[in-house]
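In this chain, residues are counted from 1 in sequence order.
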Amino acid sequence: MTECVEASAAAIARAGAAIREGRLVAFPTETVYGLGADATDDKAVARIFEAKGRPRFNPLIVHVADAQVAEKHAVFSDEARKLAATFWPGGLTLVLPRRPETPLSLLVSAGLDTVALRVPAHEIAQALLKAAERPVAAPSANRSGRVSPTRAAHVMAELGEAETLAMVLDGGPCRLGLESTVIGFPQGIPTLLRPGAVAREAIERVLGRPLAEADAGSGEEGRASPGQLESHYAPGSSLRLNATEAGADEVLLAFGPGAPKAKTSMNLSTSGDLTEAAANLFAMLRALDAEAQGRAIAVMPIPDQGLGEAINDRLKRAAAPRG
C-alpha cells in the first residue's frame, strides 16, 4: 500500500527526492490532487500513463514554479504573457508551442508540438517543485476517466495499490475543487480548450475579446488538451442530468435552495453559489456514487454561467456513453 503522509517539510523533501528518482508522488494543488513525475524523464512520465491507465493521446499538464521557468519550455505570445501575468500562480493552464531546446519529455505533449503549462498557487505544490528541482508533469491523481480527487483519501482509493506511486502528500481538501481552465492559441487565436477553475468571462476581460471555441478534431489523436475526451470525470453510476426530482431508484445531486426531497441526496450549494458548487462537485459525486449501489444519480440543473460552464462540462462528460 502506498504511504499517505501529512505534507510536512520533511515529507515534501522525501517526495522531491522520489520524483528525482523517477517515481510518482501525488500532491495537492488548489484545483485537484495531481499525480506527479519528473517531466524531463521519459520513463517517469510513462509511469503516469501506466498508473492511470491513461490513453497515450491525452497530453499532460506540466507544473512549473513561475512564468520565467515556463518561458524556458514554451514560446509565449503577448496575449499568453498577459494571461500568465494575471492568473499565475493559479487555476489556468496555457497550451503553447514547445521550444526546440526544452528538456521536457515528448510524452507530456502526446506527440503534439505544443506543451500545457501551469504555475500552481498551492503552497505544497510550490514546495514540491522546489524540492524536486525540475518541472513536474501532473494530471489528476485518479484512474483515467474517473472522478478527479480533491482529498488525499480519494487518491488512496484510486491509486493506493500502484507500485510506482511512492507517496501521497496529504494537504487537506483542495480549495477550488475543479481542474484548471485550459487556453490554447491555434493560429494565434486564444481558444477555450477546457473550461475550469478560472471563468471564461474573467479571461475575456483580460484579453479584451471573446475566446474562440475548441475544435475537438476528427479523432482521439487530435486532442490538444487534457480533459477533452467525450466520456471523462465519470463515477461508476450513470448520471441523469437536468433532473427536477429523483426517481425511486436514484440518488440526488441537488443545487440551490428548495431542492426536492430524496432518500439520499447531497446539495452542491444550498445558497446557489457556483464557487461553492465547483469546490464540492467531485467529492459529492464520489460520495453519492458510493451510496448509489447500482442506482443512478439524478443531477439538478446548474446555471451555465461563470463557473457553471465548467461544472456542466464535467457533468456532461461524466454522463456521456462509455466505450
- Query: Could you state the interatomic distance from CG (Leu274) to CD (Gln305), rounded to the nearest 0.5 Å?
  - Reply: 6.5 Å
- Evaluate the side-chain proximity of Leu178 to Val32: yes if any heavy-atom separation is below 4.5 Å, no if none is. no
- Query: If we only count heavy atoms from C-beta on, is the Asp170 to Val168 side-chain gap below 4.5 Å?
  - Reply: no
- Item | Arg295 side chain to Gln293 backbone, donor-acceptor under 3.5 Å | no
- Query: Which heavy atom of Lys52 sits nearest a heavy atom of Leu35, and at what distance?
  - Reply: CG-CD2, 3.8 Å
- To the nearest 0.5 angstrom, please state how far the OG atom of Ser148 sits from the CZ atom of Arg286. 7.5 Å
- Mind checking whether Phe255 and Ser269 have side chains closer than 4.5 Å, heavy atoms only? yes
- Task: Check the pair Arg143 / Leu159 against side-chain contact (heavy atoms from CB on, under 4.5 Å), numbers first and verdict last.
- Result: CA-CA 7 Å; Arg143 296 286 179 183; Leu159 299 175; 3.8 Å; yes
- Query: Is Val147 linked to Val251 within one hydrophobic cluster, defined over Ile, Leu, Val, Met, Phe, Trp and Tyr using a side-chain heavy-atom separation of less than 4.5 Å?
  - Reply: yes
- Hey, does the side chain of Arg314 reach the backbone of Pro195 with a donor-acceptor pair shorter than 3.5 angstrom? yes
- Query: Is Glu101 atom CD crowded by more than 12 heavy atoms from other residues, nucleotides or ligands, each under 6.0 Å away?
  - Reply: yes
- Query: Is it the case that one hydrophobic cluster holds both Leu96 and Trp88, taking links as side-chain heavy atoms less than 4.5 Å apart, direct or via other members?
  - Reply: yes
- Value for NZ (Lys263) from CD (Glu250), rounded to nearest 0.5 Å, stands at 14.5 Å
- Task: Dump the intermediate steps for side-chain contact (heavy atoms from CB on, under 4.5 Å) on Leu60 and Phe49, then the final yes or no.
- Result: CA-CA 9 Å; Leu60 306 178; Phe49 289 103; 4.0 Å; yes
- Are side-chain N/O atoms of Ser140 and Asn142 paired as donor and acceptor at under 3.5 Å? yes
- Message: Before you tell me yes or no, could you show the steps for Arg194 and Glu179 under salt bridge (charged side-chain N to carboxylate O under 4.0 Å, His left out), namely the whole-Å CA-CA distance, both residues' side-chain angles and the distance that decides it to 0.1 Å?
- Response: CA-CA 9 Å; Arg194 180 180 75 180; Glu179 296 91 345; 5.4 Å; no
- Decide, yes or no, whether a salt bridge links Glu158 with Arg146 under the criterion of side-chain N to carboxylate O below 4.0 Å. yes
- Query: When rounded to the nearest 0.5 angstrom, what is the spacing between CG in Leu288 and CG in Leu253?
  - Reply: 6.0 Å
- Message: Between Tyr33 and Gly171 (side chain of the first, backbone of the second, donor and acceptor by atom type, cut-off under 3.5 Å), is there such a pair?
- Response: yes
- Are any of the side-chain heavy atoms of Arg14 and Glu3 separated by less than 4.5 Å? yes
- Query: Does some side-chain heavy atom of Leu117 sit less than 4.5 Å from a side-chain heavy atom of Thr93?
  - Reply: no
- Ignoring hydrogens and angles, tell me if any N or O in the side chain of Arg47 forms a donor-acceptor pair with the backbone of Gly22 under 3.5 Å. yes
- Does a side-chain heavy-atom distance below 4.5 Å link Ile203 with Val206? no
- Item | Check: Ser237 side chain, Pro235 main-chain N or O, donor-acceptor pair, under 3.5 Å | no
- Closest heavy-atom pair and its distance - Ala131, Ala13: CB-CA, 4.4 Å
- Task: Looking only at non-hydrogen atoms, find the nearest pair between Ala37 and Ile19 and report the distance.
- Result: C-CG2, 4.1 Å
- Note on the structure: Looking only at heavy atoms, the pair that brings Gly247 and Arg240 closest together is N-NH2, 4.1 Å
- Under 3.5 Å donor-acceptor, Glu30 side chain and Pro120 backbone: no
- Between the side chain of Thr181 and the main-chain N/O of Val198, is any donor-acceptor distance below 3.5 Å? yes
- Task: Consider only side-chain heavy atoms of I, L, V, M, F, W and Y, link residues closer than 4.5 Å, and tell whether Ile297 and Ile302 are in one cluster.
- Result: yes
- Task: Evaluate the side-chain hydrogen bond (donor to acceptor under 3.5 Å, both in side chains) criterion for residues Thr29 and Arg118: first the C-alpha distance (whole Å), next the side-chain angles of each, then the deciding distance (0.1 Å), finally the verdict.
- Result: CA-CA 11 Å; Thr29 76; Arg118 183 165 93 86; 3.2 Å; yes
- Message: Is there a path of hydrophobic side-chain contacts, each under 4.5 Å between heavy atoms, that joins Leu307 and Leu268?
- Response: yes
- Given the rule in the side-chain contact (heavy atoms from CB on, under 4.5 Å) test, do Thr102 and Lys72 qualify, once you have shown the distances and angles that lead to the verdict? CA-CA 7 Å; Thr102 178; Lys72 295 179 180 179; over 6 Å; no
- Query: So, does Gln126 use its side chain to make a donor-acceptor pair with the main chain of Ala65 at under 3.5 Å?
  - Reply: yes
- Using atom types as modelled and distance alone, determine if a side-chain donor or acceptor of Thr150 lies under 3.5 Å from a backbone N or O of Pro173. no
- Heavy atoms only: give me the nearest Ala70-Val64 pair and the separation to one decimal. CB-CG2, 3.9 Å
- Item | Sub-4.5 Å side-chain heavy-atom contact between Val136 and Phe27 | yes
- Note on the structure: Correct closest heavy-atom pair for Leu24 and Ala51 would be CD1-CB, 3.9 Å
- Message: Quick check: is Ile48 connected to Leu128 through a chain of hydrophobic side chains (ILVMFWY, heavy atoms under 4.5 Å apart)?
- Response: no
- Query: Would you call Arg317 and Asp313 a salt bridge, taking side-chain N to carboxylate O under 4.0 Å as the test?
  - Reply: yes
- Kindly indicate whether the side chain of Lys43, heavy atoms from C-beta on, has any atom under 4.5 Å from the side chain of Ser105. no
- Message: The test is side-chain contact (heavy atoms from CB on, under 4.5 Å); show your working for Leu104 and Arg98 and say whether it passes.
- Response: CA-CA 9 Å; Leu104 295 176; Arg98 289 175 60 109; 4.1 Å; yes
- Donor-acceptor contact below 3.5 Å, side chain Glu245 vs main chain Pro260: no
- Query: So with a 6.0 Å cut-off around CD of Glu133, is the heavy-atom count from everything else above 12?
  - Reply: yes
- Under a 4.0 Å N-O cut-off, is there an ion pair linking Asp78 with Arg81? yes
